[in-house]
Amino acid sequence: MPAKILFLNGSNLNMLGVREPHIYGHDTLADIDKRLQARATALGLAVEMHQSNHEGDLVTMIQEARTTCVGIVINPAAYTHTSVAVLDALLMCDFPVIELHLSNPHRRDAFRHHSFVSQAAKGIICGFGAHGYELALEAMAKLVTK
Ligand code: DHK
């Protein structure tokens with residue numbers, strides 16, 4: 001069984017493709033997942049993609065990943081800027097966490113400049129749109145494969 005990477009997406013990312021496409025692009029989460037699956041197979045890894053609009057669901061999925069996954073790539077979306085609960089769940093993980101954003105929050109509203117989750121992240125990828133997901137997978141592969 002290939003080692004599994006969890007790609008976790010927070011609030012409103014189920015609306016990718018129709019949500020403010022000038023900021024978040026035209027790809028849907030399903031489009032992104034399709035590309036990730038192909039690349040993961042080539043890398044000898046497995047990718048599981050999840051999305052929730054609910055903070056507690058994200059916390060539960062992070063907790064479960066502690067025993068089933070070797071890494072998490074997380075785009076917490078708005079919870080990036082508000083959630084101590086997501087941070088605390090990530091801090092319990094003994095494997096690499098990569099924080100991911102489609103946009104570059106630092107070029108946007110001031111309230112998007114602070115991330116609670118960065119404290120738990122090995123690294124951060126932002127501003128590359130949907131391609132950032134593939135960049136995160138490449139980065140994660142370097143961290144978890146020998
Ligand atoms: C997505 C969101 O939904 C926003 O709340 C964040 C992030 C940025 C993104 O760029 O992927 O501020």
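For reference, positions follow the sequence shown, starting with 1. Counting convention: from 1, in listed order, for ligands and their atoms alike.
For the pair Lys122 and Glu99, the salt-bridge criterion is not met [side-chain N within less than 4.0 Å of a carboxylate O]. Ion pairing between Asp31 and Lys34 fails under the 4.0 Å rule for side-chain N and carboxylate O.
In this structure, Phe128 places its CZ atom where only 12 or fewer heavy-atom neighbours from other residues, nucleotides or ligands lie under 6.0 Å away.
For the pair Ala78 and ligand 1, the shortest N or O to N or O distance falls below 3.5 Å. Considering backbone and side-chain N/O of Leu100, none are found under 3.5 Å from N/O of ligand 1.
Side chains of Tyr133 and Asn9: a donor-acceptor N/O pair is present below 3.5 angstrom, by distance only. Side-chain contact, Asn53 with Glu55: no donor N or O sits under 3.5 Å from an acceptor N or O.
For Asn75, every heavy-atom contact with ligand 1 shorter than 4.0 Å involves the side chain, none the backbone. Under 4.0 angstrom from ligand 1, the non-hydrogen atoms of Arg112 all belong to its side chain.
Atom numbering of ligand 1 starts at 1 in the shown order; those under 4.0 Å from a heavy atom of His81 are 6 (C), 12 (O). Short contacts between ligand 1 and Arg19, defined as distances under 4.0 Å to a heavy atom of the residue, involve ligand atoms 2 (C), 3 (O).
Ranking the protein heavy atoms by distance from atom 9 (C) of ligand 1 puts Leu102 N, 3.4 Å first. Taking atom 10 (O) of ligand 1 as the reference point, the nearest protein heavy-atom neighbour is Ser103 OG, 2.6 Å.
Residue contact check for ligand 1: Tyr79 places no non-hydrogen atom closer than 4.0 Å to it.
For Tyr79 and His81, the gap between ring centers reaches or exceeds 6.0 Å.
When side chains are defined from C-beta on, Leu13 counts as touching Arg19, because their heavy atoms get closer than 4.5 Å.
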